[in-house]
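Okay, so here's the structure we're looking at.
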Protein chains: 4
Amino acid sequence: MLDLTNPPPKRRMTRSKGALQQALLTLLQTTALEKLTAKDIAEAAGVGYATFFRHYPDKDALLQDLAKGEISKLLTMTLPLLYTVEPRPSTQALCAYVWSNRAVWSALLTGGAAGVLKEEFIRQAQELSAVHPEKKRDLPDSLTVAFSVAAAIEIISWWLREPNPRPVDEMAGYMERLVVRPTMGEGSCPSK
Amino acid sequence: MLDLTNPPPKRRMTRSKGALQQALLTLLQTTALEKLTAKDIAEAAGVGYATFFRHYPDKDALLQDLAKGEISKLLTMTLPLLYTVEPRPSTQALCAYVWSNRAVWSALLTGGAAGVLKEEFIRQAQELSAVHPEKKRDLPDSLTVAFSVAAAIEIISWWLREPNPRPVDEMAGYMERLVVRPTMGEGSCPSK
Amino acid sequence: MLDLTNPPPKRRMTRSKGALQQALLTLLQTTALEKLTAKDIAEAAGVGYATFFRHYPDKDALLQDLAKGEISKLLTMTLPLLYTVEPRPSTQALCAYVWSNRAVWSALLTGGAAGVLKEEFIRQAQELSAVHPEKKRDLPDSLTVAFSVAAAIEIISWWLREPNPRPVDEMAGYMERLVVRPTMGEGSCPSK
Amino acid sequence: MLDLTNPPPKRRMTRSKGALQQALLTLLQTTALEKLTAKDIAEAAGVGYATFFRHYPDKDALLQDLAKGEISKLLTMTLPLLYTVEPRPSTQALCAYVWSNRAVWSALLTGGAAGVLKEEFIRQAQELSAVHPEKKRDLPDSLTVAFSVAAAIEIISWWLREPNPRPVDEMAGYMERLVVRPTMGEGSCPSK
DNA sequence: CTCTAATCGAGACGGTACGTCGCGTCTTACG
DNA sequence: CGTAAGACGCGACGTACCGTCTCGATTAGAG
């Protein structure tokens, strides 16, 4: 029942937190978030039921904590795109990154997790956009953020859901066309 | 407890179903979906608790049924946009319609309802797009539908969330720019 | 609501009542009373659900009505035994009668039906004993009745439950020894 | 809501189980078993509704558990009577015991509880009779047990139901005459 | 041979209790 | 100490039956 061999105990609390995150991630690959119970996660993490609540007030808090890191990495690649005149390489990099971590992102974007994720995503994006030098822009900032995040998530979600996923290049093209270009200044598309 | 005066009792089953839908709609204007219990809805509808489940297996089924009608109306205005060369008037009409029913759509798009709504939305959109004459298009159809619906919902959702909502014209502009134009053929934006 | 005037026409109502009784009896041979629902009985009787309640306020009322007849027949054979100096032939007759109707009595005495049955039994027995010329007796009358009925029911119940039921003669012997003789005057057993 | 003062918490699980039994016993003195709901009992025990089912699968299981102890005590006094040549003192002791615990036994024998009780009674009696040295006997063992238990319960039940209960001595006489003597070997009553 | 009212089937309904489940808090025992 | 184990209060869930009710269709017996 217990782990009788732990030689270097490594601050149990830290171990528990990591185990819970890892367990949630694993479980999410097979089960929707709303089907998971705190007990499920605790057991999968090899952690006592009550211990779960010592670290997180509830399931969503764990998910949010889990997502924070990945979102953070991704956002530092996503947001700059919106302020760049030459976004191709960045978009490409974003998609490549998602692809290389597709196990994680599949888990995060399917099931009921997407809702929590989007909110955290927007929260972080808004923080970032607040400190950015505000480029002259013809869209309300909060709309730009909400739209970009929702659209990007939807596109990636669609991508990872597909039975035969498209190559990274193609997705980068869609992303640029559907998210980046439309939110850039009008000048970027001198259609008339 | 007895009401001996109700003039046209109107086939009970029909009355109950309608009452539940109306009650849910009303409650959604003040409370998030996940905070509502079947008991709440039944009581608000003046209907017995068990009667709720005689009509719907759960909350989401009620919401879906409720949404079906409104989505249907909206979709007959939304989808044509994607296949039209001159989408301005349609986009305008769409936004105007949402605005005139903003009480309903606020309720449907805030709280946890948006998830269920989006799924039903996509389901109907995909059905429609299946019967449409498939214009030559350079985006995967299912991506087009998923993106359009998610983006449109996000934009409208943002609109109705705002403390001082923008005028219909402005929103129609955003919608066209962020949803319609990007999903139309490349020729629409001969940027290069 | 009540029809106090229908003179003889045997009205459908009579048919329904009989069907319900017959259906209950049939069902009781395979299912315990408490497992049966009003719906079950109504369906087995080929009668509408609401029609059940037009005839009986609840399950027990139906059972009681059903039992009344059989109990009445049996009681006219049971009670006299207690006042007779030579009870052998009567006891024999009682057991023979039960045996020839063992399908009915099995149904009535197994499952939860026995409780209702015993009460009705005692009720009728007490009525009868009230009109009888009260023999001098050294047991309280109500105890005699309660004991006799309960004991007789238990013995018959045991009999019909057995995989290989004893012959009628043997049971008549038990019945006389355990029920009849002990409740007769002390003189019957001048043991000391 | 919080009780920070409970002095000797005494192993919760044990406390809950005992509280439920005590509550059922109390409620049975005023209400028939079938009128009691799990909620009633839980509330009377000061215990959560769901906690009821953590200890017992249903009402009857609780009753059975509750009865087991008392029945056990009683049976060790009841069964020996059937194998003794001089049963008077034992019968007397049995009735005296019931009388001194008449509150408990009234509760257990009135209402719908008697059925469950009798079954448990018979179950225990059969176990005991199985280990006993089998005296030569001219009645089937299972019949003896069923009859004795049913008869004894009926007699005691009648006793405790009476407005002016008979004295213990008198009841012991009835019990001996109606239950003990008839089930003993024929030799005990050399009627011929 | 209609016409009218009793009776029926069908089954929706308000209600009550069920037994299950999950949450988040708590207590206890152990290492 | 801190943690594993899990009992507990709470409250929603979805189910099952109850007994009442409304609704048409059927039908019997009075005109």
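Note on naming: letters A, B, ... go to the chains in the order of the sequence lines (proteins, then strands), and numbering restarts at 1 for each one. Only heavy atoms go into these numbers, but all of them, side chains included; no hydrogens, no water, no symmetry mates.
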| said: Walk me through whether C/Tyr49 and C/Glu43 qualify under side-chain contact (heavy atoms from CB on, under 4.5 Å). | reply: CA-CA 7 Å; C/Tyr49 173 63; C/Glu43 282 176 358; over 6 Å; no
| said: Nearest to the side chain of D/Arg54, heavy atoms from C-beta on, is which of E/dG9, F/dT20, F/dG9? | reply: F/dG9
| request: Give a yes/no on whether any side-chain N or O of D/His55 is located under 4.0 angstrom from OP1 or OP2 of F/dC8. | output: yes
| Whichever of B/Thr51 and C/Tyr49 has its nearest DNA chain E nucleotide further upstream toward 5' | C/Tyr49
| query | Is any side-chain heavy atom of A/Gln21 closer than 4.5 Å to a side-chain heavy atom of A/Leu62? | reply | yes
| query | For A/Ser157, what residues pass the side-chain contact (heavy atoms from CB on, under 4.5 Å) criterion, not counting sequence neighbours? | reply | A/Leu109, A/Arg161
| note | Comparing A/Lys59 with B/Gly46, nearest DNA chain E nucleotide closer to 5' gives the residue B/Gly46
| task | Would you mind reading off the bend of the helix from E/dT4-F/dA28 to E/dG31-F/dC1 from its two end axes, five pairs each, to 10 degrees? | result | 10°
| Nucleic acid contacts of residues 23-44 of chain C, taken as heavy-atom distances under 4.0 Å to DNA chain E | none
| said: Restricting to non-hydrogen atoms, name the atom on A/Gly111 and the atom on A/Ala32 that form the minimum distance, rounded to 0.1 Å. | reply: CA-CB, 3.9 Å
| note | From CZ of D/Phe53 across to P of F/dA7 the rounded distance in Å is 17 Å
| Euclidean distance, atom CG of residue A/Asp58 to atom C1' of E/dC23 [Å, nearest integer] | 10 Å
| Short N-O contact, A/Arg123 and A/Glu119, less than 4.0 angstrom | no
| message | Using a 4.0 Å heavy-atom cut-off, does D/Phe52 contact any base of the nucleic acid, only the sugar-phosphate backbone, or nothing at all? | response | nothing
| request: Please report, rounded to the nearest Å, how far the C1' atom of E/dG14 is from the CG atom of B/Leu20. | output: 13 Å
| field | Name of the residue among C/Leu24, C/Thr26, C/Leu20 meeting side chain to side chain contact (heavy atoms under 4.5 Å, CB included) with C/Gln22 | value | C/Thr26
| Shortest non-hydrogen contact from B/Gln29 toward B/Ala107 | CG-CB, 3.8 Å
| said: Just verifying a value: how many Å separate C/Ile71 CD1 and C/Gln124 CD, rounded to the nearest 0.5 Å? | reply: 5.5 Å
| said: Would C/Lys39 pass as a cation-pi partner of C/Phe52, given that its NZ or CZ must be under 6.0 Å from the six-membered ring centre and within 45 degrees of the axis? | reply: no
